Structures are given as C-alpha cells and as structure tokens.
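Below: one structure, written as structure tokens.
Each ligand, and each atom within it, is numbered from 1 in the order the structure gives. Everything numeric in this text was worked out from a predicted model, so none of it was measured.
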Amino acid sequence: MSAKVVAVAGATGVVGRKMIEVLEDRKFPVASIKLLASERSKGKTLRFCGEAIPVEVLSEDSFKGVDIALFSAGGATSKQFAPCAAKDGCVVVDNSSAWRMDPEVPLVVPEVNPGDIAKHKGIIANPNCSTIQMVVVLKPLHDAATVTRVVVSTYQAVSGAGSAALHELDENLRAVLNGEPFEPKVFPHPIAFNCIPQIPQSGAFTDNGYTSEEMKMVNETKKIMGDPNIRVTATTVRVPVHTGHSESVNVETKKKLSAEQAREILRKAPGVAVEDDPAQQRYPLAIYAANKYETFVGRIREDISHPSALDLWIVSDNLLKGAALNAVQIAEKLV
Ligand code: NAP
Ligand code: 3JN
C-alpha cells in the first residue's frame, strides 16, 4: 500500500482535530499531510505524528498533488472547494451536508454500504453523525428482518455544534453555578441544565415542522440503506453533554425479532458493541462511549405496544464514528 498525500480542510475545528488524531492512531499511510483552515488560523501549527505542521489558508490551489482530502469546514466551503480538489485528481471525503443527497455522490458508512465507495466521481459524502450511529445498528436488523419504520429521538452532545458551542456550555454552567447572569450566543436558549429541541440551533424549521437535522436523518437513512421504503421520523434534541450522541430508537420490522435474536445479530455486527445487562445497570452511556470507536447498543427490548418492533438505546462518539473515524474508514477503503 503506497503512502498518500493527505489534506485536512477545517483542520483547526473540533472535527478536523479528531481527523488528525484518527489518521495518526490508525496509522493511515500518510506520505505528507497538509492542514488547511481559514485566514483566521494563519500562523497556527498543529501536531501530527510528533511534528509541528503549519496551518495553511485553504484556496483553490491547495489540492494540487494531494491524493485524499478530508473536508470538515462547513457546507459552503465544501461546495466551493471540493469540485476544485476533485478536478485536480484528489478524492474528497466530505463531512458536510453539501453533497450528501446528490445522486452522483455516494453517501457511505463502511459497515453498511462499502460497495458504494467505488461509484465515486471525486467526492464521497460522510453522513450526519446522528444518522451514522443509527444505521450501523439498523443495517444488520434490516438484513435479518426488513426494517419498515423507525421512530428516533436524539440526545445530542454539544461538541456536534463545534468549538464555540462547547465553550458556551462551559461558560453557561460556570455562570449558573456562580449565580451569575448568562446571555447565550450560540444557542437560542441556555444549554446548561437544559434540553433544546432545535438542531441546528441557528436553523429555521422546515415547512413540515421538522428541523434540517431531523430531515437529514430521514433522507440519509434511506439513501445509505439503499431502501426508499423505510419510513423514518425523528426528533433531534441538544443536551448538555460534551461528547457522545444518544438515541432512543423504535424499529418496526416485517419479520418479528425477539430481543434475544436482535442481541445475537448485533453481537456479530461490525462496529457495534452490545452493552445490555439491565440487572447490572449496564447500558450504553455517553461519558463511556466518548473516545471509543464502537457504536454501543443496549436496552434492547420488544415493544409492548406493537406485534413486531424493538426499542433500542444507541450511543456513539459523535466526533469519531459520527464524523472523523467514519471519514478515515472511507479513506482506508480507498487506499
Ligand atoms: P468548528 O469547530 O467550528 O471548526 C470549523 C473549521 O472550519 C475550522 O477549522 C475553521 O477554520 C474552518 N473553516 C470555516 N470556514 C472556513 C473557510 N471559509 N475556509 C477555510 N476553513 C474554514 O466546527 P466543527 O464542529 O469542526 O465542524 C466543521 C464542519 O464539519 C461542520 O460545519 C459540518 O459541515 C461538519 N460536521 C459534520 C458532522 C457530522 O455529522 N458528520 C458533525 C460535526 C460537523 P478556522 O479555525 O480558521 O476558523
Ligand atoms: O449538531 C450536531 O450534533 C451535528 C452537526 C452537524 C453539522 C453541523 C454544522 C453543519 C452539519 C452536518 O454534518 O450535517 C453541518 C452541515 O450541514 O454540513
């Protein structure tokens, strides 16, 4: 396997920094690395494999001689620069929503639809974090029993909203505990000791009353699973957790699965760890899923209100499997 010239666009961000860590941790064959961000990061350096690498300003010329570029600098940046990179022969793995629903662009979770990677024309899209951890668990159940409908509610960590949001959570908690006033800037309401059912925090609600995050879960799930007939409804909620998205998922299947059958299937599923021993108070928790590569599933039980449905609790590190790890896994399949 020949080593590759790799670029990370958005390298100074929460997701970009994780991408650098994951490339290093998984010993991705890197010949050299280019770290790209905005004008604001001019003069900064970041470390990769013990070396201080200067951050360069992202431009249309950044991708000449680059084999693989991992993008996490927002949708507008991806729309502008991913086609330039692809034109220069670079394969882009894009973490934004800019290309996800483009029929020419594969939307990939390596445990679910690795075969779609080969269809790329220079850009491969990485799904939304909440979608990724859900489909890793749904796919093996779909293969065994055909998933017909999914009802999901998310409990999403603040790191999903970027570095400014993480800073705001800490400042907000400090202010409340010190009895001081606090004016939120990133979130529309205080996030400390609160749950906010609006993701993204700055996004308008769509005409059907859903948020764009909710509609991403609906549309991306069908595309990744390759089945437009799966009906999905989602409610996405921001909670005052640093890292690790949690999801309560109700899954209806054509063929009935017992809870034990589902546990057996999920124990063998790639990327999934079953953590399900209620008697011992064992179930997935965000604080323990943080910094782990697996997607954890527990509280597996048959839905008492339905003849053929399961209830699940799914937790994963939103910055790893939800973003950086999934992108690096795609890059690994490319090389
Ligand atoms: P963040 O912490 O705010 O970081 C944003 C990064 O983008 C920084 O490196 C920033 O550079 C860079 N950037 C912004 N505008 C730029 C421009 N015009 N040119 C070059 N670089 C620019 O945000 P984050 O949490 O890492 O998220 C970044 C993006 O990743 C999001 O916008 C989203 O599209 C994607 N994302 C995806 C998922 C997922 O579900 N898969 C989850 C989270 C995020 P400076 O430091 O120089 O400003
Ligand atoms: O809020 C979260 O937990 C996940 C956030 C994802 C995100 C944040 C800003 C822009 C996205 C995304 O990946 O869908 C985007 C985007 O639309 O690119």
Min heavy-atom dist N318 to ligand 2 below 4.0 Å: no

Top protein contact for atom 13 (N) of ligand 1, by heavy-atom distance: A73 CB, 3.8 Å

T253 side chain to S308 side chain, donor-acceptor N/O pair below 3.5 angstrom: yes

Protein non-hydrogen atom below 4.0 angstrom of atom 7 (C) of ligand 2 present: no

Short N or O distance, V15 and ligand 1, threshold 3.5 Å exclusive: yes

P127 to ligand 1, any heavy atom closer than 4.0 Å: yes

Any N126 heavy atom less than 4.0 Å from ligand 2: no

Proximal ligand 2 atoms for N95, defined as those under 4.0 Å from one of its heavy atoms: 13 (O)

Option with minimal heavy-atom separation from atom 12 (C) of ligand 2, where the choices are R100, K79, E213: R100

For D67 against K4, the heavy-atom pair lying closest together: OD2-CA, 3.4 Å

Subset of ligand 1 atoms that lie under 4.0 Å from at least one heavy atom of T12: 8 (C), 9 (O), 10 (C), 11 (O), 45 (P), 46 (O), 47 (O)

For C129, the ligand 1 atoms whose distance to one of its heavy atoms is below 4.0 Å: 39 (C), 40 (O), 41 (N)

Under the side chain to side chain donor-acceptor pair (under 3.5 Å) test, residues paired with E56 that sit two or more places apart: none

Partner set under side-chain contact (heavy atoms from CB on, under 4.5 Å) for R282, not counting sequence neighbours: E275, D277, Q280

Taking atom 4 (C) of ligand 2 as the reference point, the nearest protein heavy atom with its distance: C129 SG, 3.3 Å

Shortest protein heavy-atom distance from atom 32 (O) of ligand 1, along with the residue and atom involved: G74 CA, 3.2 Å

Spacing of K139 atom NZ and I265 atom CD1 [to the nearest 0.5 Å]: 12.0 Å

Heteroatom distance test (S96, ligand 2): nitrogen or oxygen, under 3.5 angstrom: no

Between H306 and E252, a side-chain donor and acceptor under 3.5 Å: yes

Atom 36 (N) of ligand 1: nearest protein contact (heavy atom, Å): N95 O, 3.9 Å

Is_contact(atom 10 (C) of ligand 2), protein non-hydrogen, under 4.0 Å: no

Side-chain donor-acceptor contact under 3.5 Å, E213 with T236: no

Proximal candidate to atom 6 (C) of ligand 1 [heavy atom criterion; set A98, S59, S72]: S72

Under 3.5 Å donor-acceptor, W313 side chain and S246 backbone: no

